[in-house]
Visitor: 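Dumping the structure here so I can ask a few things about it.
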Amino acid sequence: MKEETTPPWTLDTLLVHGGTGNQPTIDSGVPSVQPIYTSSTYLHASTEALEAAFSGTTAAGEPAYVYARQGNPNANAFEQVMARAEGGVGAVAFGSGMAAIHAALLAAGLAPGTKIVASRDLYGASIGLLRKMFVPMGIKVVLHNLHDEHAADRIRQEVPDIVFVESISNPLVKVIDVDIISAAAQEVGAVSIIDSTFTTPCLLRPIEHGFDLVIHSATKYLGGHGDSTLGVVISAKRALLDQLRAACTMMGAMAGPFELYLVVRGLRTLSLRMQRHCVNALQVARFLQQHPAVERVYYPGLPDHPQHELATRLLACAQYGGLLSFELKEQTRAAAFRFMDALRLCLPATTLGDTWTQVSYPPISSHRDLTASERQNMGITDGCIRLSVGIEDIGDIIRDLDQALGR
Ligand SMILES: *Cc1c(COP(=O)(O)O)cnc(C)c1O
């Protein structure tokens, strides 16, 4: 609303337009925290300036905004931090981790006949996306064990267009050899994509190991407080970044400003939280390993984990992550349910990476779409429990697990 005193706008008009122009300036004092920009559109000084803003940048090279689906200051702030944190040329925020994965695959050139080689240990919903959405479109999806010494040979033999892996798998916390996978992908000319949700840039920076696209479900550690659903893809290459941006804008898969605000806030304590998650998880792993009710513990920080040496080499400061899983001696669903229901502090929850300790039972959550024998083949037994170790006092976490295991 432009200032107009004679004649004054009527009350009805004042109410419709009032209060929107009230932006703080450097003279009035600017907020130390970025406001939440809910605006769906942006006003410019002239129609000529508006026309220029459609290009996405101002004459000075600053981001220019026109319409929320094409860009938003909260998204821009988050994308800039993530691009720097991962060492990429840029990043694009999405409304969820799954939207980010979908867009990353599209940006990598998905089309009928495209061949994707992916780890068979991928997150359940990612396997669902590949099989239920992409296979019917004529995309070839080959799931392989990419965790053993033949991983590179399998990629060389398949000659895929895209290679898709996770830094640490769910729930058996297998660590991927990022150098070997990215080198093999590069050799056959494939775009390499890694879902780095479990490691965060605090533990691993996959672009430094040759990956093209890095994905996070920011719903997990990046946000960290269980109150926002969001995803992000960081690109090592300009051309892929342009494809990601186009996919986000055209699909309307962008993140909302409230969630972006919460995740940027979460990032401020990410490295502190990750340190504590990792320290606590190692202690929980050691405690469970010696517990008489526990058959086996999977945690890359334990010397008997198959990729312990690799994890020690790859992960920053020997921080092995906050995720672990274990098998109860009594390998039954009933025993698993009894254990989960007996917990008083740890929350039975189908997510991970929040400040509080969370426990989940893969056969009813992440791996419920698989048959019992498929789960057995993957090494997920009926006694398998996954823990996302929180940042509470370690004594309290262990006391709670101990009393629940005693039941
Ligand atoms: C949760 C998760 C996703 C999906 O993210 P959403 O934000 O729930 O869409 C993808 N990959 C991994 C490894 C996850 O843990």
Side-chain angles (χ1 to χ4, degrees), residues 75 78 82 86 91-106 116 118-134 143 146-147 164-176 178 193-204 206 211 213-234 247-248 251-256 258-260 262-263 266-267 270 274 277 281 298 300 321-325 349-354 358-362 365-369 378 380 386-390:
F78 174 61
M82 290 311 299
E86 291 285 3
V92 180
F94 292 88
S96 71
M98 288 313 301
I101 292 171
H102 191 153
L105 291 165
L106 286 180
I116 304 176
S119 164
R120 66 175 190 196
D121 290 285
L122 285 185
Y123 181 71
S126 300
I127 301 233
L129 176 71
L130 294 177
R131 283 189 173 157
K132 291 180 191 162
M133 284 204 73
F134 292 148
L143 300 178
L146 295 178
H147 287 96
F164 180 24
V165 296
E166 283 170 9
S167 55
I168 298 186
S169 78
N170 173 43
L172 300 181
V173 286
K174 298 180 189 173
V175 181
I176 202 88
V178 277
I193 305 179
I194 187 164
D195 180 336
S196 197
T197 299
F198 285 15
T199 34
T200 79
C202 297
L203 271 57
L204 182 71
F211 271 83
L213 294 173
V214 180
I215 302 167
H216 294 280
S217 166
T219 313
K220 315 294 168 54
Y221 289 109
L222 303 187
H225 294 73
D227 54 10
S228 39
T229 301
L230 203 134
V232 62
V233 186
I234 302 96
C248 183
M251 297 194 302
M254 72 289 172
F258 291 100
E259 286 76 11
L260 286 159
L262 288 169
V263 172
L267 288 181
L270 177 64
M274 287 313 290
H277 282 298
Y298 297 90
L323 266 292
L324 61 86
S325 60
T350 311
T351 186
L352 60 100
D354 293 338
Q358 290 157 327
V359 54
S360 80
Y361 184 53
S365 54
S366 55
H367 293 71
R368 69 175 296 131
D369 287 345
M378 293 177 81
I380 302 166
R386 185 192 77 194
L387 275 179
S388 168
V389 181

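All ligand and atom numbering here is 1-based and tracks the order in the structure. Since the model is a prediction, treat every value here as computed from it, not as a measurement.
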Visitor: Taking S126 for the side chain and L122 for the main chain, is one N or O donor matched with an acceptor at less than 3.5 Å?
Guide: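 Looks like no, no N/O pair under 3.5 Å.
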Visitor: Listed by chain and number, what are the ring pair (Phe, Tyr, Trp, His ring centres under 6.0 Å) partners of Y123, not counting sequence neighbours?
Guide: none
Visitor: Within the side chain of S217, is there an N or O that forms a donor-acceptor pair under 3.5 Å with the backbone of T197?
Guide: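 Answer holds: no.
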Visitor: Are H216 and Y221 an aromatic pair, judged by ring center distance below 6.0 Å?
Guide: no
Visitor: Report the residues that fulfil side-chain hydrogen bond (donor to acceptor under 3.5 Å, both in side chains) with T199, sequence neighbours left out, ordered by chain and then residue number.
Guide: S167, S196
Visitor: Polar pairs, ligand 1 vs protein, N/O only, below 3.5 Å.
Guide:
from: ligand 1; atom 1: 5 (O); to: S217; atom 2: OG; distance (Å): 2.9
from: ligand 1; atom 1: 7 (O); to: G97; atom 2: N; distance (Å): 2.9
from: ligand 1; atom 1: 7 (O); to: S217; atom 2: OG; distance (Å): 2.8
from: ligand 1; atom 1: 7 (O); to: T219; atom 2: OG1; distance (Å): 2.6
from: ligand 1; atom 1: 9 (O); to: G97; atom 2: N; distance (Å): 3.0
from: ligand 1; atom 1: 9 (O); to: M98; atom 2: N; distance (Å): 2.8
from: ligand 1; atom 1: 11 (N); to: D195; atom 2: OD2; distance (Å): 2.6
from: ligand 1; atom 1: 15 (O); to: K220; atom 2: NZ; distance (Å): 2.8

Visitor: How would you list, by chain and number, every residue that makes a ring pair (Phe, Tyr, Trp, His ring centres under 6.0 Å) with H102, sequence neighbours excluded?
Guide: F134
